[in-house]
Amino acid sequence: MREHLRSIPFFSSLDDQALDVLAGRLQRKHVHKGASVFLAGEPGNEMYIIRSGLVKIISQYEEEERFILYLGPGDFFGEGAALFGGNHSASVYVVIDAELLMLSHDDLTPLMARYPEMARTIIRELHQRLRLSLRSPIQTKQLTVIASIGDATPLLAQHLAQVSGEDVLLLDLNDQSHELDRAALRDGHVYLTHTERALNAEELPEHISQLIKQYYWVVLWAVPDEVPLTRKALDQADLRVALGAAFAQPAHRLVPNHLYADDDVTAIHQLARRLARRQVGLALSSGNARGMAHIGVLKVLREENIPVDMIAGTSAGALFGALHAAGRSVEEMAEFARRVQNEYNFFTGFRNWDFSFPPRWGLIKGNMFLKQLQQLLPGLTFEELETPLAVVAADLVSGEEIVLERGPLPEALRATMSMGGFLEPARHDGRLLIDGGAVNPVPGQILADRGMNIIITSNVIPTLQERMRWQRGQIAKDKSSLVDIMLNEREIMEGAIIRSRMRPVDVVIQPDVARYHVRQYDKAHEIIQAGENATRLQIPYIRKLLAPRPRKIPSA
């Protein structure tokens, strides 16, 4: 016990006699993962030193819990209450099963009086924490321990290192790695290791807590068998991962509530970005003919290999987002846009519209429009899309934002494109749904709510200043029809809504399309090109957001 205490920085200045006395006074406490050591506001008079395990410090700020930092073996906490009494200022929760040593106020103060170096240790540590808080008042929560089953686990570790820029330790718990090229892994900043002897399951938390001090990511490579070591690894991990077709079912008996990926490179890379918090969401605005600029946006993102993990779209944005999510090529989308002028235009495509006489809910019934969408995306459902998609509509009665993400895709597009007064509301699950632009024309927040970390928007709705510049001439020449007035009214409303909806957005792509009329479908080529031009301007910044952080060199 004496040598173990001496290895803890807080006790390193004590002589043998003091260590022996201390060993008799220290109390031990074992706390399981997920439990609290103490909560903010609770009274306390004990200081805690972490022998093994990992804890996180949580502060309470205006009724909101905020993550502060992690502490591991050799670190201490609760020193304020132990020295001065009173209530704890923060809460402490166990992240990995922790073995704690507790020192009461009555034992701590005499020791510090006799050994001033202990006081200096506390001051030095608190100074370091203060410097950290000044650089980043609230640290970003990060998942650091991952339990993975499946032969593709080393590949996941490589992609995780590549995406995050951090070193990854791959801990082989069951000697599965004897044929792997360790040098190649190390070149990719993956450090493969295994335990020198067979670990007892109860020893794993201590082993992990030591590794976390050296490596940012620890991937526990476990065998897919119900053995104690595998169960302990799954229990201690921040996240569970299953790789390969054998684990495709949503609730595998061994790994419940896990993330799954096929063992191909594309799926593994996408999972690595999810773990490293580099998932990209793309929000596509409403915009009628101007919405064709989204095709140019999607074209450049594909050419530049910018990943898109989820799309949210409103009206025209939902339509082109759906085509992209369904795997349609840019050429197919551009060809569709060129056909719109003759086949789907309100004034030239009479055969495609079922007019309502007399109009009650709208000028167009919308049944033929739905058939056109069903021909464009025959039998397709949200669940079959290559990229997850969310479509925004609005409840005509309640004014609620309705997000459609399941079931038949054409019906959802029919709803989000049902502009009030023009196309009759769509009936969906007992609701009357209209164009989502009435509530959320640029749905970036939806992507943030679904876990996307980098939010890109393509907004083709002009500002009020742009509208004044380009539309005043058309109005003055008396060239606006009833449909134009309805579309302009909607656009003014959407422009006002957008100003309050951009908070979670990281990148705004704003194609220069204000000069084009909302019905200028014949300008498809120019509008698509405007989308391309605006996107290329933002590519350097998007790459910066996706770039790995500077690497940390692991300790020896």
Side-chain angles (χ1 to χ4, degrees), residues 32-35 53-56 67 70 93-98 140-161 163-164 166 168-177 190 192-195 199-209 211-212 215-279 309 388 450-453:
H32 288 285
K33 175 183 173 68
L54 193 71
V55 304
K56 61 181 178 181
F67 173 82
Y70 290 118
Y93 294 92
V94 173
V95 177
I96 294 174
D97 285 3
T140 302
K141 280 188 181 180
Q142 294 285 355
L143 299 170
T144 56
V145 180
I146 300 167
S148 177
I149 60 175
D151 293 340
T153 298
L155 182 62
L156 174 63
Q158 287 178 289
H159 282 271
L160 187 56
V163 169
S164 70
E166 304 286 358
V168 176
L169 179 71
L170 177 59
L171 176 58
D172 179 10
L173 295 179
N174 290 279
D175 196 22
Q176 306 171 79
S177 58
V190 175
L192 177 65
T193 188
H194 58 82
T195 57
L199 269 184
N200 182 292
E202 298 307 314
E203 297 174 316
L204 183 60
E206 180 176 358
H207 195 66
I208 297 172
S209 65
L211 296 172
I212 285 179
Y215 296 90
Y216 192 87
W217 299 98
V218 175
V219 178
L220 309 176
W221 188 10
V223 293
D225 295 321
E226 293 192 63
V227 296
L229 192 57
T230 293
R231 287 198 295 268
K232 194 67 173 180
L234 296 172
D235 176 65
Q236 296 298 303
D238 297 300
L239 206 62
R240 306 174 182 92
V241 171
L243 308 174
F247 311 104
Q249 56 267 42
H252 188 269
R253 59 180 176 81
L254 180 61
V255 197
N257 304 318
H258 68 276
L259 294 176
Y260 165 78
D262 282 330
D263 49 11
D264 65 86
V265 173
T266 300
I268 292 293
H269 187 76
Q270 185 176 30
L271 177 58
R273 284 191 294 101
R274 179 172 181 177
L275 298 174
R277 298 174 183 266
R278 298 292 201 285
Q279 284 192 293
D309 297 288
R450 283 150 182 76
M452 297 298 105
N453 313 111

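- Judged purely by atom type and a 3.5 angstrom limit, Asp225 has no side-chain atom pairing as donor or acceptor with the backbone of Val227.
- Although no hydrogens or angles enter the test, the distance criterion places a donor-acceptor pair under 3.5 Å between the side chain of Asn200 and the main chain of Glu202.
- For Arg278 (side chain) and Asn453 (main-chain N/O), no donor-acceptor pair under 3.5 Å exists by modelled atom type.
- Under the side-chain contact (heavy atoms from CB on, under 4.5 Å) criterion, Ala201 pairs with Pro228, Lys232, sequence neighbours left out.
- Between the side chain of Trp221 and the backbone N or O of Ala147 there is no donor-acceptor pair closer than 3.5 Å.
- Contact of the Leu259 side chain with the Leu275 side chain is registered, since non-hydrogen atoms from C-beta on lie closer than 4.5 Å.
- Taking all atoms of both residues into account, the shortest heavy-atom contact from His269 to Val163 is CE1-CG2, 3.5 Å.
- Between the CG atom in Leu229 and the CG atom in Leu173 there is a gap of 5.0 Å [rounded to 0.5 Å].
- Contact record, Ile268 with Leu156: CG2-CA, 3.6 Å, taken as the closest heavy-atom pair.
- Take Asp309 and apply the side-chain contact (heavy atoms from CB on, under 4.5 Å) test, not counting sequence neighbours, and it matches Gln270, Arg273, Gln279, Val280, Met452.
- Across all non-hydrogen atoms, the minimal contact from Trp217 to Ser164 is NE1-OG, 3.2 Å.
- With rounding to the nearest 0.5 angstrom, the CG atom of Asp172 is 6.5 Å from the CG atom of Leu192.
- Annotation: the span from Ser148 atom OG to Leu171 atom CG amounts to 12.0 Å, rounded to 0.5 Å.
- The minimum heavy-atom distance between Leu220 and Ile208, with the atom names listed, is CD1-CD1, 3.7 Å.
- Applying the ring pair (Phe, Tyr, Trp, His ring centres under 6.0 Å) criterion to His207, with sequence neighbours excluded, gives no partner residue.
- In terms of the side-chain contact (heavy atoms from CB on, under 4.5 Å) criterion, Asp151 has no residue partners (sequence neighbours excluded).
- Shown here for Val168 and Tyr215, the closest heavy-atom pair between the two residues is C-CD2, 4.4 Å.
- Considering all non-hydrogen atoms of both residues, Leu170 and Val190 come closest at CB-CG1, 4.0 Å.
- Distance CG/Asp235 to CD1/Ile96: 10.5 Å, rounded to 0.5 Å.
- Judged by distance alone, the side chain of Asp263 and the main-chain N or O of Leu243 form no donor-acceptor pair under 3.5 Å.
- Checked by atom type and distance alone, the side chain of Lys33 pairs as donor or acceptor with a backbone atom of Val95 at under 3.5 Å.
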Decide yes or no on side chain to side chain contact (heavy atoms under 4.5 Å, CB included) for Thr144 and Asp238, but give the supporting numbers first.
CA-CA 7 Å; Thr144 56; Asp238 297 300; 3.4 Å; yes
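- Ser209 meets the side-chain hydrogen bond (donor to acceptor under 3.5 Å, both in side chains) test with no other residue; sequence neighbours excluded.
- Arg240 places a side-chain N or O within 3.5 Å of a backbone atom of Leu234 that can act as its donor or acceptor partner.
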Given His32 and Val94, is the side chain to side chain contact (heavy atoms under 4.5 Å, CB included) satisfied, shown in steps?
CA-CA 7 Å; His32 288 285; Val94 173; over 6 Å; no
